[in-house]
There are 2 protein chains.
Amino acid sequence: MTTTRRPRADARRNYERLLAEADAAFREGGIESSLESVARRAGVAIGTLYGHFPTRRALVGALLRERNEGLFDLGDRLLAHPAPDALATWVRAATAHAAAYSGLAALLADGLDDETSELHASCRRMADIGERLVARARETGAVRPDATGDDIIALTTAAASLHEHRSAAEADRLITLTLAGLATTRPA
Amino acid sequence: MTTTRRPRADARRNYERLLAEADAAFREGGIESSLESVARRAGVAIGTLYGHFPTRRALVGALLRERNEGLFDLGDRLLAHPAPDALATWVRAATAHAAAYSGLAALLADGLDDETSELHASCRRMADIGERLVARARETGAVRPDATGDDIIALTTAAASLHEHRSAAEADRLITLTLAGLATTRPA
DNA sequence: TGTTAATTCGAGGCAGCCTCAGTATAGTTT
DNA sequence: AAACTATACTGAGGCTGCCTCGAATTAACA
């Protein structure tokens, strides 16, 4: 058996500082901000950053962890307590999540198919929730019969990208319009 | 007055080769492909590339010139000869244009507001055509009364980004759904 | 206090960005 | 066809960022 030692105090401190500074840097300059600058801001050598986060995506994944839990909780709640606007609520929440940092939307969109991505699992989970929510809406007749989970993925991804490159207003508008299109009774 | 001299033969040759190789490189690796590799492929020193195209965006702009003309011609034709599906045709064509290279959609979306971008003028022209087309559709009653040119920009941008990060199918599907939403008679 | 495994450090190799002083040459003039 | 010169080309060099790895440090435990 492997007796696990308590992690060193400096390691935990550096881990937290790196996360905090990465969050700040990514908010300001997007997800492609220089990792060396993140390490500098955290007062830590570059090697230490790589020790904790071997990959930029691993860092992003760690940054998203808490946020993810909140999102998944919302999804579970929406699934547990049916409501007519559940799908719309979900799409808006997922979009906001994917638009947390500039560049994130693309990373998440790519992460869905890329099994090597540290974000793959959480992307799948998001897709799964969306899928279940449309399925229910389809049964209710709230959305057109050919609506699929992919439609939700596409809409979320697209809206998040819009949020980043155009504005929050345009992103929200796209959601409104596309959901209206999904509510169409007969396929166009 | 400044008399414009004919450019030197070697300059024109290099210009063309650079364009050709940039096109190939960007098709393969997206718009962020290394410019040094483009110069290498063209058999030219890096300084020569910068001599012709001071900016990556300038290079992209040059690459898009012909393509742009074709697109604008289509726009003018659609405006000249009213047809029920003119708007849909335009959105699909503009999306295909914006998805020519991976990374282009984002560049164009940003270029609309950024007056320093070499792509600004052509982005505006695209936006203008879209605007006129929705205006007409609005008058016809083919789209909801609150539809605007921004809706078209948003949809085009979003679909192109989807084309890049998800698939052509999802991009097309978003267009279908959003246009259906725009066709909704009363605002949701 | 000593031991040891975990952690940190940062120099170094590599690639890409972009500039600029020096060099080459196409096109012109005599 | 030689000389001239504006135009264009060259590529080394300074900079930043990516990532790795061997050496140095240090927190945890006995």
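Only a predicted model underlies this, so the values are computations on that prediction, with no experimental measurement involved.
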Within the structure shown, what part of the strands sits under 4.0 Å from A/Arg12 by heavy-atom distance: base, sugar-phosphate, or nothing?
nothing
With side-chain hydrogen bond (donor to acceptor under 3.5 Å, both in side chains) as the test, pick out the partner of A/Arg173 among B/Asp150, B/Asp146, B/Thr178, B/Thr148.
B/Asp146
Identify which nucleotide among D/dA27, C/dG27, C/dT8 has an atom closest to any side-chain atom of A/His52, counting heavy atoms from C-beta outward.
C/dT8
Map A/Val44 and A/Glu36 onto DNA chain C by nearest heavy atom, then report which one ends up closer to the 5' terminus.
A/Val44
Select base, sugar-phosphate, or nothing to describe what A/Gly47 touches, counting heavy atoms under 4.0 Å on all strands.
base
Rounded to the nearest Å, what distance is computed from the CG atom of residue A/Asp10 to the P atom of nucleotide C/dC9?
9 Å
Has A/Thr48 got a side-chain N or O lying under 4.0 Å from the OP1 or OP2 atom of C/dT7?
no
Interatomic distance where CG belongs to A/Leu59 and P belongs to D/dC18 [whole Å]
11 Å
Is A/Arg40 touching bases, backbone alone, or none of the nucleic acid, heavy atoms closer than 4.0 Å?
sugar-phosphate
For A/His97 and A/Asn68, does a side-chain donor sit closer than 3.5 Å to a side-chain acceptor?
yes
Measure from CZ on B/Arg6 to C1' on C/dT25 and round the result to the nearest Å.
16 Å
Protein-nucleotide distance (A/Tyr50, atom OH; D/dC18, atom C1'), rounded to Å
5 Å
When rounded to the nearest 0.5 Å, the distance separating CD1 of A/Ile46 from OG of A/Ser37 is 9.0 Å
Would one find a side-chain N or O of B/Ser34 under 4.0 angstrom from OP1 or OP2 of C/dC17?
yes
Assess whether atom CZ of B/Arg124 is packed by more than 12 heavy atoms of other residues, nucleotides or ligands within 6.0 Å.
no
Just checking A/Arg132: does its CZ atom have more than 12 heavy atoms from other residues, nucleotides or ligands closer to it than 6.0 angstrom?
no
To the nearest Å, how far apart are A/Leu49 CG and D/dC18 P?
9 Å
Among C/dC9, D/dC19, C/dC18, the one nearest any side-chain atom of A/Ala45 is C/dC9
What's the CD-P distance between B/Glu32 and C/dC18, to the nearest Å?
10 Å
Just how far, in rounded Å, is C1' of D/dC18 from CZ of A/Arg56?
9 Å
Would you mind reading off the distance between A/Phe53 atom CZ and C/dT7 atom P, rounded to a whole angstrom?
13 Å
With no angle test and no hydrogens, is the base of C/dA6 tied to the side chain of A/Arg8 by a donor-acceptor pair under 3.5 Å?
yes
Which residue lies toward the 5' end of DNA chain C, A/Ile46 or A/Asn14, if each is placed at its nearest nucleotide?
A/Asn14
